[in-house]
Number of protein chains: 2
Amino acid sequence: MKPKAVTIKDVAAAANVSRATAARALNGYGYVGGEAAERVRRVARELGYRGNRIAQALRQGELPLVGFIPGDILNPFFSQIAHDLDMALRGSRHNLLIAASQEDPAQERQVIDSLRALAVRGLIIAPASSDRNPQLEEMHREGYPMVLIDRVPEGLDCDQITVDNRKGARGAVEYLIRQGHRRIALIHDDSRIGTARDRLAGYREALEAHGLPADESLIIESPSTVSHAIDATIRLFRRQNPPTALFTVDSLITQGAMLAFRSLGLSMPHDVSLAGFDDFDMATFSDPQITVVSQPIKKIGPLAVEMVMARIQGSRAPARHVQFPTQLTIRGSVSRPRGS
Amino acid sequence: MKPKAVTIKDVAAAANVSRATAARALNGYGYVGGEAAERVRRVARELGYRGNRIAQALRQGELPLVGFIPGDILNPFFSQIAHDLDMALRGSRHNLLIAASQEDPAQERQVIDSLRALAVRGLIIAPASSDRNPQLEEMHREGYPMVLIDRVPEGLDCDQITVDNRKGARGAVEYLIRQGHRRIALIHDDSRIGTARDRLAGYREALEAHGLPADESLIIESPSTVSHAIDATIRLFRRQNPPTALFTVDSLITQGAMLAFRSLGLSMPHDVSLAGFDDFDMATFSDPQITVVSQPIKKIGPLAVEMVMARIQGSRAPARHVQFPTQLTIRGSVSRPRGS
DNA sequence: CGTCAGTCTGAGACCGGTCTCACATCGGGC
DNA sequence: GCCCGATGTGAGACCGGTCTCAGACTGACG
């Protein structure tokens, strides 16, 4: 019931010095006699003294904690980032507190409050919504260390790491066009999240740049889950005069499309071509492997830590906006359309 | 630079009461005059008072934090559990601190120390090794709230949640035997981790129970990565007289085997049958889908939280050992061997 | 030998809360 | 009118550290 932790007072008493001296010996600052210091350290070891970061934090202001608020850790994108953050923070002797927003702005608000009450030194957030966010705006105004990743709410000029979604999508769609496709469908989710929006914009740009009519009936909205994507794909390809290629805006939708093609008996890339945004493991396990727009995901975590630590250390530099380019990873799921 | 947080002293002064009264009003304990309480609450709201959990924690002992030490968050098994822990802890108003051990006992030790220094109230650990672990043993002796998941070091009798690896593996191998297979290979990793060991034991048991000779040349050791597993599988099936079926002890190895079969031109289940331990997304995306031994993974997180919270609340009940049964999920990757 | 800088040390304030205790006030019952 | 319990309040201890300050001691230098 009582782990009765060893306090510095115990150590000091056992070593026959004052708390102040014990603290000096243990933390190595100020003047301490060599012999006394030695004695204190030995006693501390014997007693199994293990400092109390809470007390330290109270005095010094904050705990060596950084919070991470992903949409959902289950998403491999975020678990990769969580992993990288964990690793990178260890280098700065900080720990990582993770609390998912479940892509729900209300929950996000609450989670942010609860992390701030813990006096977390900084926050790395993937905002659940791209609407204006007064809470984040105020934190930014206060100079609270925070870094936005993946998505950015409107009107918030703080450190951020994003990816060029528009250009990435445009590149993929142009690639399809260059392969000869003219009827290219798109499945996207209507989330509040800006990334999907930008990817849709890139799609439209590509069509326009090549003088192709944007056939709105080829643009389908579907929740970002595998099963919804299956339904959407099936509806799309059961029509008469179906598209010859499909672009999907995230990996879950891409997976849904793959399954739908299989159940429709359409084989890639012979009957239909597929390109998706976001690389994912399965994309290389399927046959054929899937052509995707990939993000430099492994760079995001380390960079986010670097940014947030700089703020924690007091940097007042203007907000950094890093936008990574994407890369089109060409695999086997795209070919020229039949009969062209 | 200075967020100059509002303290209870500020609130008390502004409301013209003592700190004690302010605290009583804000936390609703003891006697407080209705009018005074009202005033304090209003002032607190106006000033944007936001308690300081660190100070509270110092007085009361601990922060509302629970630590989770997985082998590696990138592993979908652990990210599922992390997600479930996060959700479940929210119900108990606790936050989740995640620090991976990278499956390295030294790192694990260090991570445990650093979490304990943060006065985390309890720990949920997937130990990196099944060797005796003096550190965990001592914590257990002290009555520190902790729950072991997935793996258990020798000689540590504390709350734990595992899966019946032996029986699960045995069931899968017996299923292969019942389908008529006689030459069944196994690929496992030699990790310090007990789970792989138990699965190997289950394999041997199954063979023995059916009077099949254990051909040691069919038991291959390979690090648990996709690429090593590919090599191991290729070596195994390039022999003359190759096995007719393969059992793999974890999902990474299973994936390696799938890829190896593809590159060897062996088609499942016609040329070779495959069963693996652990379900994983790709198992249902491949063609054919893979027969696996699946764990009730979604039950682990919530149960772990229930257990650790019970300890945190002071339960001195004897250690609970929960062992979930596994389930053989039969899909399309197994058939009768050719020519039988 | 006095002085002074350089060492070492302990007392005690402080961080921001919680909580115990003693005191003041009030109304009701006798 | 007095006594008593119930209420409301503030002073101050306390949690476990950190850190400032002043005092004691040392040795070297003039």
Indicate yes or no for a side-chain donor-acceptor contact from [X] to the backbone of [Y] under 3.5 Å, with no hydrogens or angles considered.
X	Y	answer
A:Q80	A:F78	no
B:D159	B:R320	yes
A:Q135	A:R109	yes
A:D86	B:A100	yes
B:R24	B:V32	no

Terminal contacting nucleotides, 5' and 3', DNA chain C versus chain A (heavy atom, 4.0 Å): C:dT7 to C:dG16

cation_pi(B:R116, B:Y144) dist<6.0 Å, angle<=45: yes

Strictly by modelled atom types, are [X] and [Y] linked by a side-chain donor-acceptor pair under 3.5 Å?
X	Y	value
B:R197	B:S130	yes
A:S114	B:N95	yes
A:E108	A:N133	yes
A:D157	A:H321	yes

Toward the 5' end of DNA chain D, by each residue's nearest nucleotide, B:R39 or A:T7: B:R39

Residue whose closest nucleotide on DNA chain D lies nearer the 5' end, B:N16 versus A:Y29: B:N16

Any residue of residues 17-24 of chain A with a heavy atom less than 4.0 Å from an atom of DNA chain D: A:R19, A:A20, A:A23, A:R24

Residue-level proximity of residues 48-58 of chain B to DNA chain D when a heavy atom falls under 4.0 Å: B:L58

Derivation of the side-chain contact (heavy atoms from CB on, under 4.5 Å) call for B:V147 and B:I125: CA-CA 6 Å; B:V147 174; B:I125 311 180; over 6 Å; no

Side-chain N,O (B:Y31) to OP1/OP2 (D:dG8) below 4.0 Å: no

Listed partners of B:E46 passing salt bridge (charged side-chain N to carboxylate O under 4.0 Å, His left out), at least two apart: B:R42

With A:R50 via salt bridge (charged side-chain N to carboxylate O under 4.0 Å, His left out) - residues at least two apart: none

Relative orientation of the end axes in the helix from C:dC1-D:dG30 to C:dC30-D:dG1, expressed as an angle to the nearest 10° (five pairs per end): 70°

